Amino acid sequence: MKTSKNLLLACTASVATIKLPLLIEKLQKLDTEYDFNIKVILTEHAKHFVENSQLPDNVQILDDQCEWNAWNKRGDPVVHIDLGKWADMLVIAPLSANSLAKIAVGLCDNLLLCVVRAWDFAKPLLFCPAMNTRMFDHPVTGEHINKLKSWGYHEVPTVSKTLMCGDTGNGAMAEVDTIIDHILLKFRSL
């Protein structure tokens with residue numbers, strides 16, 4: 001019998017967001033001990049790289065407007081809190097340089113960053129950096145990644161390849177199968 005797990009996937013403004021449909025498809029077809037209930041958070045700029053029509057109908061897509069539409073008065077749902085309570089794990093794939101920096105300094109100016117800021121440290125949070133090699137090689141990137149890891153968040157390391165811009169180097173998001181391996185390893189270690 002499979003164990004049901006609530007998996008919150010999030011995408012920030014990186015071209016690697018184009019891999020989201022494949023990530024969801026593979027997670028839903030896995031023949032493992034887990035059955036995943038998936039919800040997705042898209043930042044406003046991540047929406048540039050994926051259409052809701054590319055995603056399965058049984059996956060709820062959330063954005064900043066969902067947060068504001070849900071709350072009108074005391075007692076109404078607070079989406080970023082409710083999502084943190086619902087999820088067994090948060091996976092940010094991809095995590096852009098901009099959102100990485102915001103998380104590292106505690107900013108929470110969109111739905112995803114509010115979820116992260118209110119995240120229960122007893123639950124796993126995996127992050128998959130994705131950015132141009134020049135951005136990845138900047139000293140502040142390593143500082144930010146190390147800060148997130150010091151909080152107990154789990155990095156799924158970047159890979160080196162030819163990037164969408166034509167540059168070759170480190171900074172590309174890990175492959176979908178690698179991300180899935182990390183998700184399964186984290187759940188199995190709980």
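In this text the structure is predicted, and so the values were computed from the model without any measurement. FYI, side chains are in, hydrogens and waters are out, and symmetry mates aren't considered; it's all heavy atoms of this structure.
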### Task
Give the C-alpha distance, both sets of side-chain angles, the deciding distance and a yes or no for side-chain contact (heavy atoms from CB on, under 4.5 Å) between Leu42 and Val40.
CA-CA 6 Å; Leu42 295 175; Val40 172; 4.0 Å; yes
### Message
Quick one, Asp35 with Lys5, criterion salt bridge (Lys or Arg N to Asp or Glu O under 4.0 Å). Give me CA distance, side-chain angles, the key distance, then yes/no.
### Response
CA-CA 6 Å; Asp35 181 29; Lys5 294 290 186 181; over 6 Å; no
### Query
Can you list the steps and then say if Leu27 with Ile183 is a side-chain contact (heavy atoms from CB on, under 4.5 Å)?
CA-CA 10 Å; Leu27 284 166; Ile183 291 169; 4.3 Å; yes
### Query
Is there a side-chain contact (heavy atoms from CB on, under 4.5 Å) between Leu30 and Leu184 once you walk through the steps?
CA-CA 10 Å; Leu30 278 179; Leu184 293 174; 4.2 Å; yes
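Distance check: Asn6 CG to Leu90 CG gives 12.5 Å after rounding to the nearest 0.5 Å. Atom CD of Glu143 sits about 12.5 Å away from atom CG of Leu148, to the nearest 0.5 Å. In this structure, CG on Asp181 lies 6.5 Å from CG on Asp177, to the nearest 0.5 angstrom.
Follow the hydrophobic side-chain contacts under 4.5 Å out from Trp151 and you reach Leu8 in the same cluster. Put simply, Phe49 and Met131 are part of two different groups of oily side chains (I, L, V, M, F, W, Y) that touch within less than 4.5 Å, one to the next. Leu112 and Met173 fall into different hydrophobic clusters, where Ile, Leu, Val, Met, Phe, Trp and Tyr residues are linked whenever their side-chain heavy atoms come under 4.5 Å apart, directly or through other members. Under the 4.5 Å side-chain heavy-atom criterion for grouping Ile, Leu, Val, Met, Phe, Trp and Tyr, Val91 is connected to Val59 within one hydrophobic cluster. The cluster map of Ile, Leu, Val, Met, Phe, Trp and Tyr, joined by side-chain heavy atoms under 4.5 Å apart, puts Val140 and Met135 in different clusters.
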Could you tabulate the donor-acceptor pairs under 3.5 Å formed by side-chain atoms of residues 113-130, not counting sequence neighbours?
{"residue": "Arg117", "atom": "NH1", "partner": "Gly106", "partner atom": "O", "Å": "2.3"}
{"residue": "Trp119", "atom": "NE1", "partner": "Lys123", "partner atom": "O", "Å": "3.0"}
{"residue": "Asp120", "atom": "OD1", "partner": "Ala122", "partner atom": "N", "Å": "2.9"}
{"residue": "Lys123", "atom": "NZ", "partner": "Gly84", "partner atom": "O", "Å": "2.7"}
{"residue": "Lys123", "atom": "NZ", "partner": "Lys85", "partner atom": "O", "Å": "3.2"}
{"residue": "Lys123", "atom": "NZ", "partner": "Ala87", "partner atom": "O", "Å": "2.6"}

Anything under 3.5 Å between a donor and an acceptor, one on a side chain of residues 17-25, the other on a protein residue two or more places apart or in another chain? List them.
{"residue": "Thr17", "atom": "OG1", "partner": "Thr12", "partner atom": "O", "Å": "3.0"}
{"residue": "Thr17", "atom": "OG1", "partner": "Ser14", "partner atom": "O", "Å": "2.9"}
{"residue": "Glu25", "atom": "OE2", "partner": "Lys29", "partner atom": "NZ", "Å": "3.2"}

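The nearest pair of heavy atoms linking Asn132 to Cys165 is ND2-SG, 3.2 Å. Asp63 and Glu44 get closest at one heavy-atom pair: CB-OE2, 3.7 Å. What you find for Cys66 and Val79 is that their closest heavy atoms are O-CG2, 3.7 Å. Taking both residues in full, the closest heavy atoms of Glu67 and Val78 are given as OE2-C, 3.8 Å, listed atom of the first, atom of the second, then distance. Between Leu111 and Asp64 the shortest heavy-atom distance is N-OD1, 2.8 Å. Nearest heavy atoms, Leu62 versus Lys39: CD1-CB, 4.1 Å.
Applying the ring-ring contact (aromatic ring centres under 6.0 Å, His included) definition to pairs two or more places apart or across chains, none involves residues 71-101.
No donor-acceptor contact under 3.5 angstrom links the side chains of Thr133 and Asp167, judged on distance only. Between the side chains of Ser4 and Asn37, at least one donor N or O lies within less than 3.5 Å of an accepting N or O.
With contacts defined as side-chain heavy-atom distances shorter than 4.5 Å, the pair Phe187/Asp88 qualifies. Counting heavy atoms from C-beta on, the side chains of Ile179 and His182 never come closer than 4.5 Å. Counting only heavy atoms from C-beta outward, the side chains of Tyr153 and Leu95 never approach each other to under 4.5 Å. Contact annotation: the side chain of Arg188 approaches that of Glu33 to within less than 4.5 Å [non-hydrogen atoms, C-beta and beyond]. Counting only heavy atoms from C-beta outward, the side chains of Leu9 and Phe36 never approach each other to under 4.5 Å. Between Lys161 and Thr168 the shortest side-chain heavy-atom distance does not fall below 4.5 Å. You'll find the side chain of Ile92 stays beyond 4.5 Å of the side chain of Ser99, heavy atoms only.
For Trp68, there are no ring pair (Phe, Tyr, Trp, His ring centres under 6.0 Å) partners two or more places apart in sequence or in a different chain. Remark: Asp76 engages Lys73 in a salt bridge (Lys or Arg N to Asp or Glu O under 4.0 Å) (not counting sequence neighbours). For the ring pair (Phe, Tyr, Trp, His ring centres under 6.0 Å) test, no residue two or more places apart in sequence or in another chain qualifies with His144.
Other residues, nucleotides and ligands place no more than 12 heavy atoms under 6.0 Å from the NE2 atom of His45.
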